[in-house]
Amino acid sequence: MDAMTEAHLLLPIEACEALCAGIQAAMVQGLSTGPGQESDLKMLPSFVTNFPKGGEQGSFIALDLGGTNLRVLHVELAPPGGGGGPK
């Protein structure tokens, strides 16, 4: 890549911060409910109320329902020190 092209791709930190603030505002508005709070960035709440603690074990299934695709992930988590690994 030549220097001229690279210079066109660089953003000042202020522009990056403004972009991040705009994306965050759109996400908050996308999660808001009620009349007059429509957003171009459609979002659904995930209802995730807890974070993993590290001792999880067992069989888990995750679903990703997109606009076109359905993805399914099956994960087996071994107990800590259980020696589980890729199969």
Side-chain angles (χ1 to χ4, degrees):
M1 178 177 330
D2 63 49
M4 178 104 115
T5 303
E6 187 174 337
H8 284 94
L9 297 175
L10 296 176
L11 286 177
I13 190 69
E14 295 82 13
C16 291
E17 290 170 345
L19 179 64
C20 290
I23 291 171
Q24 185 173 9
M27 290 191 306
V28 168
Q29 187 175 6
L31 287 171
S32 298
T33 57
Q37 295 183 337
E38 292 81 21
S39 171
D40 291 333
L41 182 59
K42 305 299 182 203
M43 297 187 60
L44 297 172
S46 68
F47 303 107
V48 174
T49 58
N50 294 317
F51 290 102
K53 306 243 184 305
E56 293 78 9
Q57 59 186 20
S59 180
F60 297 87
I61 295 177
L63 301 175
D64 176 14
L65 289 81
T68 305
N69 298 312
L70 166 66
R71 296 178 186 92
V72 180
L73 172 70
H74 176 240
V75 178
E76 293 279 340
L77 297 178
K87 294 180 180 181

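Along the sequence shown, residues are numbered consecutively beginning with 1.
Note that the CG atom of Leu70 and the CG atom of Leu63 stand 6.5 Å from one another [nearest 0.5 Å]. Leu77 contributes atom CG, which lies 9.0 Å from atom CD of Gln57 (distance to the nearest 0.5 angstrom).
Side-chain N or O atoms of Glu14 include none that pairs as donor or acceptor with a backbone N or O of Pro12 at under 3.5 Å.
A 6.0 Å sphere centred on NE2 of His8 holds no more than 12 heavy atoms belonging to other residues, nucleotides or ligands.
Asn50 is linked by a side chain to side chain donor-acceptor pair (under 3.5 Å) to nothing, counting only residues two or more places apart in sequence or in another chain.
Under the 4.5 Å side-chain heavy-atom criterion for Ile, Leu, Val, Met, Phe, Trp and Tyr, Leu31 and Met27 are members of the same hydrophobic cluster. Residues Phe60 and Leu73 share a hydrophobic cluster, clusters being chains of Ile/Leu/Val/Met/Phe/Trp/Tyr side chains in contact below 4.5 Å. In the hydrophobic cluster analysis, where Ile, Leu, Val, Met, Phe, Trp and Tyr join through side-chain heavy atoms closer than 4.5 angstrom, Leu10 is grouped apart from Leu19.
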